[in-house]
J.: 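Shown below is the structure under consideration.
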Amino acid sequence: MVKTKRMTLTILIPMLVAVFCLTCIFMSVYVFFKQRAHGGVRSESFEFTESNMQLINPNRGFYFMHGFTISDEGTDYEKEFEWRFSEDTETALSMIEINLQEYTDGSISEAGLRDVGELLDAMESVDKHYIVRPLYDWNGENESVEPESIDIILEHMRQLGELFSQHKDIIFTLQGLFIGNWGEMNQTAYLGSGQLKQLAYTLSESTDDEIFLAVRMPMQWRMITGMADAGEVNAHDGSLASRLGLFNDGMLGSYSDYGTYGEHTKEEDGYMTYWNREEELEFQEILCSMVPIGGEVINDNIYNDFENAVSDMKRMHVTYINGAYDKEVFDKWAETTVSESGCFDGMDGLSYIERHLGYRLLINDTSMSYDFMKDELTITVNMRNVGFAPVYRASDVRIILRDEESGRSLLYELPQDIRELAGGNEADETEEFSTVIQLKGEQKCHFDVYFEITDSITGERLLLANEQGPSAYGYCIGSIDIEGIEELFDGN
């Protein structure tokens, strides 16, 4: 009998200890979930497919030119813009030439400044961003009309700088330094190194850091900045070198791009001269991953045959070109059929180039992973830029969780910089955008997950090159279902 009791206690005590331990574990798990107010998380991330659709995005693509002469008499710009832009609905970028020939003898008058202000106000009324080119000549006769003193040009820069800065939201770049035939920095008395520096630094100091500047040739860029190596530039720091881009109105027109490049190496002639085409393209591939370049394609020749054009535009990181010039080159591209794997196979060459000017961002893939012990969800979006050039202006990148039933939205800003995606020959490179979301305290609910990129200055959303289109909250990349504690223990 005693032996039986001992055997019973030997069995019973471990059982009681086991029950006690299981109860403690159960209560701990229960409390764990009670503290989080949910019992589990299910997430689903969507797959994305690249599209060949046209994207009307800010600060890239084809542009058309519009010229205005500033005077004391003024202009009805509202009426001018109404008819000039009535049919221009397929571009996001336009060039505005501001002719200052009326004021070559001295300062711009108050009436003239008022006229410029009204022009800029009218520009705000159209859904465009702008390349602005101030100049004194558009007839190829600059030397006979430009100011006789550089001091007058410098004063004009200071006078207009404040007006330009007030409209930094729409001005992408100021092109040129006011000088030269058609403002293209040729046939002018002010091409010396010291003069170019004086003009460039005055324009930079007179305008907001958010506005890019541009000179006609890489050689001029080097003369102004004193840098032989574009890799020395500290991108986006507000310095002149970080703002100073290029414009090439002889793009792909010949071996030298109509005098833009030379024939010798930098070792032979020094860094302040024209380098040969290969070295200048190599220089631009680095520089224009940080600052924009655009211009005009001219003169039907082998350098703008479709494959050669695409190759060089990738290296140069071309963001914009004149959509009206050169028609013969455009016709040649339009008659070319693209042959490559992917969604662009079979497209005409002109459409292909239009779609790749500037940036063309796409979601490569997405993922969501839930850490049970930390009760947090990591959301990751891998991006690519298959365009020729980066997004040059700062952008806000965010994840948005939206609960349609309650109408609640949660917004998470992502710290990564979309400008790091250079495009061009780095189109296969990916950048990871991710955030960690703490779910503790969330009740049972369903969230749709959205991804969005917007221009930091204007708030305008950037369209992505995926088959999936955006909603009011951005691009839906997945969903999250948070379960209640009851569903977990019910086995659901």
J.: So, Asp237 versus Ser242: side-chain donor-acceptor pair below 3.5 Å or not?
T.: yes
J.: May I ask you to test the Glu452-Val397 pair for a side-chain heavy-atom distance under 4.5 Å?
T.: no
J.: Any non-hydrogen side-chain atom of Leu203 less than 4.5 Å from a side-chain atom of Leu213?
T.: yes
J.: Side chains of Leu362 and Val386: does their closest heavy-atom pair fall under 4.5 Å?
T.: yes
J.: Please report the interatomic distance CZ(Arg243) to CE(Met290), rounded to the nearest 0.5 Å.
T.: 15.5 Å
J.: Looking only at the aromatic ring of each residue, does the gap between the centers of Phe451 and Phe46 stay below 6.0 angstrom?
T.: no
J.: Does the side chain of Met347 come within less than 4.5 Å of Arg355's, by heavy atoms?
T.: yes
J.: Taking the side chain as every heavy atom from C-beta outward, state whether Phe388 and Val310 have any atom pair closer than 4.5 Å.
T.: yes
J.: Any salt bridge between Lys332 and Asp305, counting N to O under 4.0 Å?
T.: yes
J.: For Tyr352 and Phe306, what are the C-alpha separation, side-chain angles and deciding distance, and is it a ring pair (Phe, Tyr, Trp, His ring centres under 6.0 Å)?
T.: CA-CA 10 Å; Tyr352 180 94; Phe306 176 73; 5.7 Å; yes
J.: Any ion pair linking Arg222 and Glu280 (charged N to carboxylate O, less than 4.0 Å)?
T.: yes
J.: Parallel, tilted or perpendicular for Phe212 and Phe172, by the 30°/60° rule?
T.: perpendicular
J.: Looking only at the aromatic ring of each residue, does the gap between the centers of Tyr63 and Tyr320 stay below 6.0 angstrom?
T.: yes
J.: We want to know whether Arg402 and Ser409 form a side-chain donor-acceptor pair, criterion being a heavy-atom distance below 3.5 angstrom.
T.: yes
J.: Closer than 4.0 angstrom, basic N to acidic O: yes or no for Glu210 and Arg393?
T.: no
J.: Would you check if there is a donor-acceptor pair between the side chains of His167 and Glu124 at a distance under 3.5 Å?
T.: yes
J.: Flag the pair Tyr261 / Trp275 as yes when their ring centroid distance falls below 6.0 Å, and as no otherwise.
T.: no
J.: Got a second to check how far Glu431's CD is from Arg419's CZ, nearest 0.5 Å?
T.: 11.0 Å
J.: Under 3.5 Å, is there a donor-acceptor pair between the Gln438 and Asp375 side chains?
T.: no
J.: Looking at side-chain heavy atoms only, is the closest gap between Val318 and Leu357 below 4.5 Å?
T.: yes
J.: May I ask you to say whether Glu278 pairs ionically with Arg315, meaning some side-chain N is under 4.0 Å from a carboxylate O?
T.: yes
J.: A side-chain contact here means heavy atoms from C-beta on lying under 4.5 Å apart; do Asp121 and Ser125 qualify?
T.: no
J.: Kindly compute the distance separating CZ (Arg158) from OG1 (Thr202), expressed to the nearest 0.5 Å.
T.: 5.0 Å
J.: Scan side-chain atoms only and decide if Asn308 and Ser311 contain a donor-acceptor pair under the 3.5 Å cut-off.
T.: no
J.: Do you know which of His446, Arg42, Lys444 makes side-chain hydrogen bond (donor to acceptor under 3.5 Å, both in side chains) with Asp481?
T.: His446
J.: Going by an N to O cut-off under 4.0 Å, is there a salt bridge joining Asp209 and Lys168?
T.: no
J.: Give the ring-plane orientation class for Tyr450 versus Tyr473, where under 30° counts as parallel, over 60° as perpendicular and anything between as tilted.
T.: tilted
J.: Looking only at side chains, do His236 and Asn234 share a donor and an acceptor under 3.5 Å apart?
T.: no
J.: So, using side chain to side chain contact (heavy atoms under 4.5 Å, CB included) as the criterion, who are the partners of Glu87 when residues are at least two apart?
T.: none
J.: Taking the six-membered ring for Trp, is the centroid-to-centroid distance between Tyr392 and Tyr359 below 6.0 Å?
T.: no
J.: Strictly below 4.0 Å, N to O, side chains only: are Asp229 and Lys266 in salt-bridge contact?
T.: no
J.: Can you classify the ring geometry of Phe81 versus Phe85 as parallel (below 30°), tilted (30 to 60°) or perpendicular (above 60°)?
T.: parallel
J.: Could Arg84 and Phe68 be counted as a cation-pi pair, given that NZ or CZ must be under 6.0 Å from the ring centre and within 45° of the axis?
T.: yes
J.: Can a side-chain donor-acceptor contact be found between Thr458 and Asp169 if the only test is distance below 3.5 angstrom?
T.: no
J.: Should Ser434 and Ile379 count as side-chain neighbours, where that means a heavy-atom distance under 4.5 Å?
T.: no
J.: Identify whether the distance between the nearest side-chain nitrogen and carboxylate oxygen of Arg277 and Asp257 falls below 4.0 Å.
T.: yes
